[in-house]
**Student:** 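One structure follows; several queries about it will come next.
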Amino acid sequence: MTADEIRAHIDPMRHEFAEERSLVLPALKFAQTEKGYLSTEDLRAVAEAVHLTPAYVESVASFYDRLYLEPVGRRVVSVCVTLSCMLRGSDEVMEHLCHREGLGHHGGTSEDGVITVQEAQCLGYCDAAPCIQVDADQTRGPFTVEQAGELLDELRDAPVPTRYVR
Amino acid sequence: MPQLNLVYRQREAGDHLRDLSDYRRAGGYEALRTAVTTMEPDEVTYSLVRSGLRGRGGAGFPAGRKASFLPKDAALPSYVVCNADESEPGTFKDREIMEDNPFQLLEGIAIAGYAIGAKRGYIYIRGEYEHQALVLDDALRAARQAGFLGRDIFGTGFTFDITLYRGAGAYICGEETALLESLEGKRGQPRLKPPFPAVAGLYASPTLINNVETLSAIPPIVERGADWYAGIGGAEKSPGTKIFSVSGHVMRPGNYEIVLHQTTLRELVYDMAGGFRPGHDFKACWVGGSSVPVIGAESLDTPLDYESLNGVGTFLGSAGCIVMDDSGCIVRACLRLAHFYNHESCGKCSPCREGTSWLEKILQRMVDGDGRMEDLDLLEGLFGRISGRTLCALADGAVMPVRSAIALFRDDFVRVIENGSPRPEPMMEVAVHG
Amino acid sequence: MADYAPVDLSAGDQVEFELNGVRVSVPAGTLLVDAANAHGVEVPVFCYEPRLGPPVGACRMCLVEVEGMRGLQTACSTPVQPDMVVRTNSPVAKDAQDGVLELLLANHPLDCPVCDKGGECPLQDRTFRFGPGRSRFVEPKRHFPKPLDLSPRVALDRERCIACYRCVRFSQDVAEDGCLTMQERGALSEITTLTGEPYEGRFTGNIIDICPVGALTSIPYRFVSRPWDIDNTPSVCGGCAAGCNVELTVREGHIMRVTGRPDPNWEVEEGWICDRARWSYDADRAPSRLTAPVIREGERVQQPDLDAAVDAAALVLANTGRVGVLIGPDATVEEAFAATELAHTGLGGAPVQALTIDGAGLAPLRALPTAQLGDLDHAQTLLIVGGDPANQQPAVELRARKARRRGAHVITVGPRPHALESLGESHRSQPGALRAALEGLGDVGEGSLAICWDEADLAQEPDAAAVLARIGREREAISLEMGHGANAAGLRALGIPSTGLREQIAAGEIDCLLTVHADPTAAPGAAEWGWALGRVRHIVAVATHDDQVTERATVVLPAATHRETEGVMVAMNGRAQRLRAGATPPEGAAPGWELLIALGHRLGTPPPYRTAATAFAAASAAHAALGALTHDDLGTLGRPLPQTPVAGNGHVPDPVGFSGDGLPLVTVTRIFGERASHRSQALAEARTGADITLHPDEAARHGLPAGARVRLRTAHGECELPLVIDPDQPQGAALVATGVPDAGVERLLPADRTPVRVEITPA
Ligand SMILES: Cc1cc2nc3c(=O)[nH]c(=O)nc-3n(C[C@H](O)[C@H](O)[C@H](O)COP(=O)(O)O)c2cc1C
Ligand code: SF4
Ligand code: FES
């Protein structure tokens, strides 16, 4: 994404913050909607738009789980593995999905690049344990192992998102 | 909130109040009108002090007192910040408030803003709550359009607006100073205190930070009076109602608004949350989120309020009540929590960064069958070297659940060290929502 | 490394408190760590570093018990309160210190025997004194591929890092380059730059000094020595006029390393030094270093021993008619004094000139009260006029940034873009129009004012100097001259003129030239000087490196560099400080003052001093400007010379106009684009060359594409340079990089350093 596009997104909210630095997270999140992750060029563009160094921007981005500095799949499937979900079978769900997609224990991206499966820490849907979040906006549960597998099939068939909200 | 709608308004049908018109019909925004048209800012603060409302984010600090700490004549502008980072394991009450009753939160923030003389508030919402953020986006738009935010609210000259700020996945950003750092565009790492946010918070300005649930409780308090609220429940230092998020091995996980002190843990777990599967019964529970000492069946009859829970060695915390039945393995549960804190430690202070990572390694070794008896002493030594010595309370939160588990369920640890720990069958029936 | 801030126990406003059972007092507001240190109690720290800004309380090493406060307190962030009862050595406090060390060591590789920091490592040290006897950590340690080069000069070993954040805070909050950061979080935290980029900057090496473990080490120093076979000597950098104090690490007579002082000079550099100061020491052993004397007779070149060479030099000087003495701005006070004495006695009143800026128009500015660099900390407004301190006197950059962080309003006025323009309000002046820019400022900020002004720029514009001095007087400002030449101020104190000799040579009045650390072909007026050198029959050169002068000299006497000699240099703001001989000069070389004294003996006028100290005492007795100071008076931190203000009459002289045709020439200098960096191997990758920079429109007007080689011509000389096009550069000026050895740019400039225009054509 270019610095100009990022500026166009953040300029209307500049007045809401006493310091420009506050715009770095909104800028990073917005830049990520384009490809679903942040390339070094994106980091540079953000840095330019908010007048910080690219190294600083990268350091901020790397702090947060939901900003990706490496390419990830078209859809990111986060399986909550924290205590409430664990008690309800999240490990079984996670193992099943990883096995199904041919991934290692802690997840990864499927060979076709469509699905990234990752462990998540408590997603705040413990009442729906075990829960799964697709990208950042749809969280559902409870899932059985089979239902979780079906979810991946649905995602594979779904249209490519126009923007990625991770 | 299925059980009680005393403080957190619901439409009659118990459905959500996402439309401003519904919220208005349910009495919404009358409190803000009352505050800005009939009360001095200090009166609002005083009313909060008298209500006895305590912070619902975890620490339980009296909300009115906190607001009264803000300097009256500061050179810099003041801010209200709503902590909507809700990432404490087992806690999902703020989610439901924001999703179903966003305006009550916005109204509460505006009243708090009026009380401390702020012109702007921020809601810092965890990045994973994108759905709730969209609901709030809509609500903010509607409130602005209706004149409940913006210039000259109720024609009084009170000007106030709210910015919704999305996090990006970091539990530590729920810690108030880390939240401020994140909101300032930095890595979300806690600051040294003092100075406290009330004196030097966001942009070094006086800042009032409260949890979603705390702020949402303000409109009814203003509307119905501090005395009304203070009278709910009857515990002197724990008045009012509180939402408990119940999860884990219960039949009806969910949010339950209870009257503090009048409900026991047993009632919450068995009557409200539906108890356990046939053949299983209560084993342990982290009643205030995962960062509190675990308690066992002997504590089931404890009334749910701040003091009574302290009395049985735990905390009310964020009231994210994680319940485990006798099918669970306490060591595995501890390992899972240790993993959480290790993953979420911000890494700024050494005892937490190194300690949480060491803690996880030791517990992992135990679960893998390579535990040693001396590990129990080692763990106790390690706990002593972490707790109370870190910059923020995350590390204490990592220590407490495990330290208490070893104390309470030592036999289970010994058994795991001796025999390893086979993974128990999870409870995988689809939960019944109620 | 400055682990603790200095505490003034005699200052007023003291508060009493109890420290480990003893009642002591410190100034109100002192942090507990510093207070304890001032009273001889060490509270161990890792993250605390008083120079890095407010404490962060991250490492938790400094936990102490304070009666009445819940839990333990970080002494680094707790100010002393009256009657506080503090225990730093109680069982609980000791357990906390021991505990933090145990945790820090859990993942530390403990590879001390192969670590460059071994023996001088705070972690090792504190583990010994405060730490665990044993580690109970049996898990596999954190593993990183090792080590990583952060730059060609700094290596990072991530396994050794204890995440104290000192280096990151230096980059973010002191150098403010924002390039070194912590990435990831928790146990995965690591120090890094933007992926794939080196840590480049002007001050990067300071992170090595402040790292309390062996995570950051100097690549040129890697595996060079061990702490037990080195000696450390406090000295002065001598690389520019700022006068930063440094420490020389020496083994067997060779410089192994230059670092900031562990006990900083708070008035000057505060222990921060630029990368040129840190890494250019290997210039002393560059191929161009003169290691043996040379005598040239026609085509014959001999390399006699030093004694014979001095004899030969004396013969040449005694027998070649009229002698002139030219002294370079890096010569020490002792060298310059011995040379002038020699001129007056042994050489029968030979004329002497220093290769320094003629500061006739600067008198009113020099009459303002002189600031120490440390005084900038307290300024409410900082006015920086001309120059480019980041490249020319780098210490000023850090002080200006610090002043800004402390709330000072920074105003820059000058003809060239530079790094400090972004600190506040910046006014770019048209070439030759500094006065107008200053007059256009209106109110110059608020409160106490400190003026930093560039010697070269204001000497060129005496009208601006007069106006600036008036602002200074009206505002009761303090003044910091950003001077040029490591000891130019010392030469001024000795009363050595900056003009005259070249004109005398040109007039055929000089037959023989004695040069002392002076190569006029590398200074403005290079072309005229080149021609003048051709007019003298003999040159006797006292010099450290091969240059245009030594190549023509009849006798070359190799001299010690400023790392190899005792002596005094006077920094730009009149601070006299001592150089100490860390290293020994090569076999065939000797300190310049020794050579000059020897010449005095050979010429029958033996001076009454034999050492640098007695030479300085004699100089100081003869020149009131040196304040009757002695080497002993100067100690390790030096002393400001007394100021002898010349009352000005407020007269504003006429501007000195530009001569010639074409675009006004504005000189620029780059920190690694000068002699020492070009001689240094360690700085090879950082080095920059000479070029001309134009605004794109200006380049278009001249029909020049980027990267083209262009020919530059003034009334004085010409040269060829590559063209850089940069939209951030001003229009209506040609920015030309000076100071680069052998680039010939100095040929464009007149010896009197008056402003010129330059004609630019494709080469
Ligand atoms: C590690 C850590 C995480 C926290 N997370 C949250 C959180 O997600 N939401 C919250 O409201 N408070 C959280 N807190 C508590 C806040 O620091 C703070 O006490 C609270 O926002 C104050 O609001 P209250 O007084 O209304 O409770 C956390 C504290 C710690 C130490
Ligand atoms: S206790 Fe943990 S999370 Fe809190 S500041 Fe220290 S390292 Fe960060
Ligand atoms: S020195 Fe105090 S916490 Fe590091």
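A note on names: the letters A, B, ... follow the listed sequences, proteins ahead of strands, and every chain is numbered from 1.
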**Student:** Select, from C/P55, C/A163, C/S189, C/P140, the one with the greatest count of heavy-atom pairs under 4.5 Å involving chain B.
**Tutor:**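 Top count of heavy-atom pairs under 4.5 Å with chain B: C/A163.
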
**Student:** Which bit of C/P54 is near chain B, if near means a heavy-atom gap under 4.5 Å: side chain, backbone, both or neither?
**Tutor:** neither

**Student:** If you count every heavy atom of other residues, nucleotides or ligands that lies below 6.0 Å from B/K237 atom NZ, does the total exceed 12?
**Tutor:**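 No, not enclosed.
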
**Student:** What are the two closest heavy atoms between C/L63 and B/R389, and how far apart are they?
**Tutor:**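 Closest heavy-atom pair between C/L63 and B/R389: CD1-CB, 3.7 Å.
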
**Student:** Can you check whether C/V100 reaches B/E354 side chain to side chain, under 4.5 Å on heavy atoms?
**Tutor:** no

**Student:** How about B/L192 and C/V56: do any of their side-chain heavy atoms sit closer than 4.5 Å?
**Tutor:** no

**Student:** For C/Y165 versus B/G347, what's the shortest heavy-atom pair and its separation?
**Tutor:**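 Looking at all heavy atoms of both residues, the closest pair is OH-O, 3.7 Å.
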
**Student:** Crowded around C/E446 CD? As in, over 12 foreign heavy atoms under 6.0 Å?
**Tutor:**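 No, CD of C/E446 has 12 or fewer neighbouring heavy atoms, counting only those of other groups under 6.0 Å.
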
**Student:** Got a second to check how far B/S357's OG is from C/E139's CD, nearest 0.5 Å?
**Tutor:** 9.0 Å

**Student:** Are the charged groups of C/R136 and B/D375 less than 4.0 angstrom apart, N to O?
**Tutor:**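 Between B/D375 and C/R136 there is no salt bridge, as every charged N stays at least 4.0 Å from the carboxylate O atoms.
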
**Student:** Let me confirm one number: the CG-OG distance from B/L391 to C/S77, rounded to the nearest 0.5 Å.
**Tutor:**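 One finds 8.5 Å between CG of B/L391 and OG of C/S77.
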
**Student:** Which atoms of B/R365 are under 4.5 Å from chain C, going by heavy atoms: the side chain, the backbone, both sets, or neither?
**Tutor:** side chain

**Student:** In the structure I gave you, are the side-chain heavy atoms of C/L104 and B/R353 within less than 4.5 Å of one another anywhere?
**Tutor:**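 Yes, close enough: below the 4.5 Å cut-off.
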
**Student:** Is B/K361 reaching over with its side chain to a backbone N or O of C/F137, donor-acceptor style, under 3.5 angstrom?
**Tutor:** no

**Student:** Of C/C59, C/C47, C/C164, which is the lone residue that meets side chain to side chain contact (heavy atoms under 4.5 Å, CB included) with B/S350?
**Tutor:**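 Exactly one pass, corresponding to C/C59.
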
**Student:** How many angstroms lie between atom CE of C/M182 and atom SG of B/C346, to the nearest 0.5 angstrom?
**Tutor:** 9.5 Å

**Student:** What residue in B/G384, B/G388, B/P351, B/G381 has the most heavy-atom pairs under 4.5 Å with chain C?
**Tutor:**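 Among B/G384, B/G388, B/P351, B/G381, the one with the most close pairs to chain C is B/P351.
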
**Student:** Does a salt bridge link B/R187 with C/E184, judged by any charged N lying under 4.0 Å from a carboxylate O?
**Tutor:**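 Answer for the salt bridge query: no.
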
**Student:** Could you tell me if the side chain of B/Q189 sits less than 4.5 Å from the side chain of C/R185, heavy atoms only?
**Tutor:**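 A side-chain contact under 4.5 Å is absent here.
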
**Student:** What is the distance from atom CG of C/L72 to atom OG1 of B/T390, rounded to the nearest 0.5 Å?
**Tutor:** 11.0 Å

**Student:** Between B/L378 and C/V138, is there a side-chain heavy-atom distance shorter than 4.5 Å?
**Tutor:**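 The answer is no; the side chains never approach within 4.5 Å.
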
**Student:** For B/R385 versus C/L103, what's the shortest heavy-atom pair and its separation?
**Tutor:** O-CD1, 4.1 Å

